[in-house]
*Asks:* 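A single structure is presented below for examination.
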2 protein chains.
Amino acid sequence: MKNLTERQKEILDLIKSYIGDFGFPPTRVDISKKLGFKSANAAEQHLRAIEKKGFIKILSGASRGIVLIEEEEKGIPVIGLVAAGGPILAQENIEKRIPYSQNLLTESVDYYLRVKGDSMVDIGIYEEDLIGVRKTKDIKEGSVVVARINDEVTVKTLKKFSSDEVVLKAENENYSDIKINPSVDELNFEGTCVGLLRNLS
Amino acid sequence: MKNLTERQKEILDLIKSYIGDFGFPPTRVDISKKLGFKSANAAEQHLRAIEKKGFIKILSGASRGIVLIEEEEKGIPVIGLVAAGGPILAQENIEKRIPYSQNLLTESVDYYLRVKGDSMVDIGIYEEDLIGVRKTKDIKEGSVVVARINDEVTVKTLKKFSSDEVVLKAENENYSDIKINPSVDELNFEGTCVGLLRNLS
DNA sequence: AGTATTACTGTAATTATATACAGTATGTTA
DNA sequence: TAACATACTGTATATAATTACAGTAATACT
């Protein structure tokens, strides 16, 4: 997918906002009026260029037959199992995507991670829950973090974070703390947990 | 807003599903083809009838100029505190609304209810969580329900449901079961809990 | 019995729309 | 330097689409 020129972006944005306003795409004349073209053919040729670059599909013969091609990055990915050795957000880990939800969780979420195991039940995080994760390096002691220890991804509370020792706490009395020496084990923080979703019944 | 006839509903549904498929509304000819009309005017007259009843707006002169009129519900309501004496979904109870497009839970949700108190912590439902509620009379023992007892709204697990006794269980060992005799106390089930949202951090 | 509503067919006119073809001009790539 | 992409104007035309007008027929309401 090639990059659009400034003008082409402008036209694509116009199409999107027109659809937002009216519920259907603009005609070539509509576009030309809004952008001040004196010929509808200017719009036509822009549309063809945008189609060629893969951002829209023009349905031949149909009036207003402009179909927006969905961008891949639409919606927040839901991660099921994380395959060892790769990044969390690798395509193979993405179960599905759910529409952006800024209004739902107050902080912005980069992805949802499906919880495996019962290590966090004491703070109400259960198996199969989806936790909303925000990718950030700015993690604090006391917050629930997504950590990767030697390629294994885990969700725990960050109890202690210093240069010579990191302690991750499972919120379940049956589990004991995980103590990590960062110079021995490979430790990465993938993000902080900012919300939770659960499907009941 | 008058009621639509069966045929008119069929046409309105067709319009909605067509928009879902293509991203723009159908023409009169499109509608006629799908429903087997031999004259596009059949569609035209149905559209006028549907417009007259307030479900769509026809933009004169524009091709595919059918605008769906949104029903007043602009999203799933979030209920904070329920004022005594009124219905849960009364305007005064609605904190905000979450757009349908952002529905993250698999089952359909009629509203979200903000949890007050700690009576359900043992199954991971905490104060300030939002539970997704589905309005239904079809409730089962064992499921988490939203009940109204003498005008007070509460969230509990339905433990026993028979004609002479209803038992609601708080999922917190510090609380005891609520036993209700339906012939003495007024009991209504507002719905079942189908999901949960939590904002962390 | 008369009027209105629903649910269509059939024809036709007007206008809305897509789209081809012929240009002009500028800047970028091979 | 030729070929190509971008960014338009201007004209023209086929066809897509709306929409008016004239009917038919069944059912409901007053």
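Values reported hereafter were calculated over all heavy atoms of this structure, with side chains retained and with hydrogens, waters and symmetry mates removed. Residue numbering restarts at 1 for every chain, and letters A, B, ... go by the order of the sequence lines.
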*Asks:* Atom CD of residue position A:E128 - does it have more than 12 heavy atoms of other residues, nucleotides or ligands inside 6.0 Å?
*Replies:* yes
*Asks:* So does A:S60 get a side-chain nitrogen or oxygen closer than 4.0 Å to the phosphate oxygens (OP1/OP2) of C:dT19?
*Replies:* yes
*Asks:* Can A:R48 and A:E44 be counted as an ion pair, charged N to O under 4.0 angstrom?
*Replies:* yes
*Asks:* Do B:K156 and B:S119 have a side chain donor and acceptor closer than 3.5 Å?
*Replies:* yes
*Asks:* If you look at every strand shown and take non-hydrogen atoms under 4.0 Å, does A:S63 touch a base, only sugar-phosphate, or nothing?
*Replies:* sugar-phosphate
*Asks:* So B:V115 and B:Y126, do their side chains get closer than 4.5 Å, heavy atoms only?
*Replies:* no
*Asks:* Looking for any heavy atom pair under 4.0 Å, which part of the strands does A:Q8 touch: base, sugar-phosphate only, or nothing?
*Replies:* sugar-phosphate
*Asks:* Go through DNA chain D in 5' to 3' direction and return only the first and the last nucleotide with some atom under 4.0 Å of chain B's heavy atoms.
*Replies:* D:dA17 to D:dA22
*Asks:* Please tell me whether B:N41 and B:S39 have a donor and an acceptor in their side chains that are separated by less than 3.5 angstrom.
*Replies:* no
*Asks:* What is the nucleic acid contact for B:A49, judged by heavy atoms within less than 4.0 Å: base, sugar-phosphate only, or nothing?
*Replies:* nothing
*Asks:* Assess, by modelled atom type and distance only, whether the side chains of A:D185 and A:N150 contain a donor and an acceptor separated by less than 3.5 Å.
*Replies:* yes
*Asks:* What's the angle between the local helix axes at either end of the helix from C:dA1-D:dT30 to C:dA30-D:dT1, using five pairs per end and rounding to 10 degrees?
*Replies:* 30°
*Asks:* Report yes if a side-chain nitrogen or oxygen of A:R64 is closer than 4.0 Å to either non-bridging phosphate oxygen (OP1 or OP2) of C:dT17; otherwise report no.
*Replies:* yes
